[in-house]
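For reference, the structure is listed below as structure tokens.
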Protein chains: 2
Amino acid sequence: MDRTDDSLIALRRILRATELYERDLASAAGVTPAKLRVMQIVQMKGGTTTPKALATQMGVSQATITGLVDKLVKEGMVNRAQSSMDRRQINVVLSEKGEATLDRAPDALQQRFVREFERLEDWEQAQLLSSLERVAAMLDARDIDASPVLTVGALDHDKRAN
Amino acid sequence: MDRTDDSLIALRRILRATELYERDLASAAGVTPAKLRVMQIVQMKGGTTTPKALATQMGVSQATITGLVDKLVKEGMVNRAQSSMDRRQINVVLSEKGEATLDRAPDALQQRFVREFERLEDWEQAQLLSSLERVAAMLDARDIDASPVLTVGALDHDKRAN
DNA sequence: CATTATCCTTAGGCAAGCGAAAATACAGGG
DNA sequence: CCCTGTATTTTCGCTTGCCTAAGGATAATG
């Protein structure tokens, strides 16, 4: 009865399912996960942010952000605007098309998980939550800034806009 | 009710922690995550498997496996050997160096998770396991094609036939 | 046999990531 | 002012991981 192994297997299934599902979503929606993430962060920040902030939030280099924003601009999802405060900075601004896309393409994991989760009994939800948080704490021990965006978007009540 | 949100947040933390940790580990051990995964699967299968099995297990195309195995061969981690049963098949065999590397670079998830998990009380382990399996089942249902995601521009369905 | 199916590789392409270094802008000290 | 240091972003060149499409061999089957 190797519970440790079984837990690991379950964990991996979770990881893998998410990964595969996101890929599907991306190819179907024409929006890749990374670009979606960028847009979601911009939205969360009130429709405009700097590349620097995006890089920090996503745990990625600025060069990467530049590339992603380039593509998003080319696709008309966001625009770049000079900041008037500090002209070194650029504001990444969500376009109407970008917002529309966000509305239509909610996070894959969310959709699926939420649907199932909310069908559960009250006590089951409580237990799952507690277990997930437990596991997250176990894995997340290092000081990673892990409060990624995709968490709250489709649910509408966003009380955690950090 | 915020339990749904909180669960999603926990899930994200798990995913992100894993991802970042694996990246770190890989760069420290000189093995990339994908290659490490290949080696781990080979090891799990008893030291030898076919590319086909790897592709299936990893949810990836065979061409991708070919590329990964190419690199692993170049690095001396695995070898290719003709199968005598079916000469279309190739066996991917872990080399000594490969095994040594695996020993030195144990699985990220395992390392971290196992350590913590085994410190838990018996009943806690049981609960975690049950919850994880539950979540895995929720996400892992293979009825993805029937999911509501992307009723929008869903032009291309099974891209993932393979 | 001749087909068809299976397994693998080749070739070419795209997305996402990185580090290094350039370009620009602010901020102070002298 | 100018000089230097620092911050922000972009550019460039590269790597990794993944894909599809198109073979090449080798079974399996009619």
Side-chain angles (χ1 to χ4, degrees), chain A residues 16 19-39 48-75 77-93, chain B residues 16 19-20 22-39 48-75 77-93 156-162:
Chain A
R16 178 184 144 88
E19 185 186 318
L20 292 182
Y21 197 60
E22 273 198 344
R23 254 192 263 156
D24 280 358
L25 173 79
S27 80
V31 190
T32 62
K35 285 187 280 186
L36 196 55
R37 227 146 55 216
V38 168
M39 288 196 289
T48 170
T49 337
T50 64
K52 172 73 172 180
L54 285 167
T56 303
Q57 180 100 34
M58 288 178 61
V60 127
S61 78
Q62 288 191 204
T64 300
I65 297 296
T66 297
L68 291 173
V69 172
D70 278 354
K71 284 175 206 151
L72 285 171
V73 167
K74 208 171 296 173
E75 294 164 11
M77 295 299 191
V78 305
N79 296 299
R80 277 191 243 246
Q82 284 276 351
S83 160
S84 48
M85 297 289 95
D86 182 337
R87 269 184 311 212
R88 286 169 305 185
Q89 285 187 178
I90 293 285
N91 286 317
V92 178
V93 185
Chain B
R16 183 184 161 82
E19 185 190 317
L20 291 183
E22 274 198 343
R23 274 216 298 253
D24 282 2
L25 176 83
S27 80
V31 191
T32 64
K35 287 188 279 186
L36 195 56
R37 244 179 299 153
V38 168
M39 287 198 288
T48 169
T49 339
T50 64
K52 171 72 171 181
L54 285 166
T56 303
Q57 179 100 27
M58 290 178 60
V60 128
S61 76
Q62 284 188 210
T64 299
I65 297 295
T66 297
L68 291 172
V69 171
D70 278 355
K71 284 175 205 150
L72 285 171
V73 167
K74 207 171 297 174
E75 293 163 10
M77 296 298 190
V78 303
N79 296 299
R80 277 192 243 247
Q82 284 276 350
S83 160
S84 46
M85 299 288 97
D86 181 337
R87 268 185 312 206
R88 286 169 307 182
Q89 284 186 181
I90 295 284
N91 285 316
V92 179
V93 185
D156 35 22
H157 272 269
D158 39 332
K159 286 238 164 156
R160 172 132 300 110
N162 216 35

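Letters A, B, ... mirror the listed sequences (proteins, then strands); counts begin at 1. Side chains included, hydrogens not; waters and symmetry mates left out as well; all remaining heavy atoms used.
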### Message
Let me test you: for the helix from C:dC1-D:dG30 to C:dG30-D:dC1, what is the angle between the axes at its two ends (five pairs each), rounded to 10 degrees?
### Response
10°

### Atom-pair distance (NZ on B:Lys35; C1' on D:dC18), nearest Å
15 Å

### Task
Provide, to the nearest angstrom, the distance between the CG atom belonging to B:Leu54 and the P atom belonging to C:dC7.
13 Å

### Query
Between C:dT10, D:dT11, C:dC7, which nucleotide has the shortest distance from any of its atoms to the side chain of A:Ala63?
D:dT11

### Message
Nearest whole Å is fine: how far is C:dA5 C1' from B:Gln89 CD?
### Response
14 Å

### Summary
Among C:dA16, D:dT9, D:dG17, the one nearest any side-chain atom of A:Thr66 is D:dT9

### Side chain to side chain, B:Gln57 and B:Thr49, heavy atoms closer than 4.5 Å
no

#### Entry: Whole angstrom value for the distance that separates P of C:dA16 from CG of A:Leu36
10 Å

### A:Lys71 vs C:dA16: side-chain N/O to OP1/OP2 distance below 4.0 Å
yes

### Summary
When every non-hydrogen atom of A:Gln82 is compared with those of A:Arg87, the smallest separation belongs to OE1-O, 3.2 Å

### Query
Within a strict 4.5 Å, meaning less than it, do heavy atoms of the B:Thr66 and B:Pro51 side chains meet?
no

### Task
Select one nucleotide: of C:dC26, C:dA16, D:dC18, the one nearest the side-chain heavy atoms of A:Ala34.
C:dA16

### Task
Would you mind classifying the nucleic acid contact of A:Thr64 as base, sugar-phosphate or nothing, using non-hydrogen atoms under 4.0 angstrom?
base

### Query
If you take all heavy atoms of A:Ala55 and A:Gln62, which pair is closest and at what distance?
CB-CG, 3.8 Å

### Task
Can you figure out which of D:dT9, D:dT16, C:dA15 approaches the side chain of A:Thr32 most closely?
C:dA15

### Task
From the options C:dT9, D:dT9, C:dG17, select the nucleotide whose nearest atom is closest to the side chain of A:Leu68.
C:dG17

### Query
Looking at A:Ser61, does any N or O in its side chain come under 4.0 Å of the phosphate oxygens OP1/OP2 on C:dG19?
no

### Task
Mind calculating the distance between NZ (A:Lys74) and C1' (C:dC14) to the nearest angstrom?
12 Å

## Note on the structure
Rounded to whole Å, CG of A:Asn91 lies from P of D:dT8 at a distance of 13 Å

### Task
Rounded to the nearest angstrom, tell me the gap between atom CZ in A:Arg88 and atom P in D:dA7.
8 Å

## Note on the structure
Taken to the nearest whole Å, CD/A:Gln82 to P/C:dA23 is 17 Å

### Message
Need to verify one output field. Residue with the more 5' nearest nucleotide on DNA chain D, A:Asp86 or A:Asp70?
### Response
A:Asp86

#### Entry: B:Lys35 vs B:Met77 side-chain heavy atoms within contact, under 4.5 Å
no

### Query
B:Val73 and B:Asn79: which non-hydrogen atoms are nearest, and at how many Å?
CG2-CA, 4.5 Å

### Query
Below 4.0 angstrom from OP1 or OP2 of C:dG17, is there any side-chain N or O of A:Arg37?
yes

### Query
A:Gln62 near the nucleic acid: base, sugar-phosphate alone, or nothing, with a heavy-atom cut-off under 4.0 Å?
base

### Query
What does B:Ile65 touch in the nucleic acid at a heavy-atom separation under 4.0 angstrom: a base, only the sugar-phosphate, or nothing?
nothing

### Task
Establish whether the base of D:dT26 is bridged to the side chain of B:Arg87 by a donor-acceptor pair shorter than 3.5 Å.
no

### Message
Taking 4.0 Å as the cut-off, does a side-chain nitrogen or oxygen of B:Arg80 come that near to OP1 or OP2 on C:dC8?
### Response
no

### Side chain A:Asn91, main chain A:Val93, donor-acceptor under 3.5 Å
no

### Task
Please report the closest heavy-atom contact between A:Val92 and A:Leu54, naming both atoms and the distance.
CG2-CD1, 4.3 Å

### Query
Between C:dT6, D:dC18, C:dG17, which nucleotide has the shortest distance from any of its atoms to the side chain of B:Met58?
D:dC18

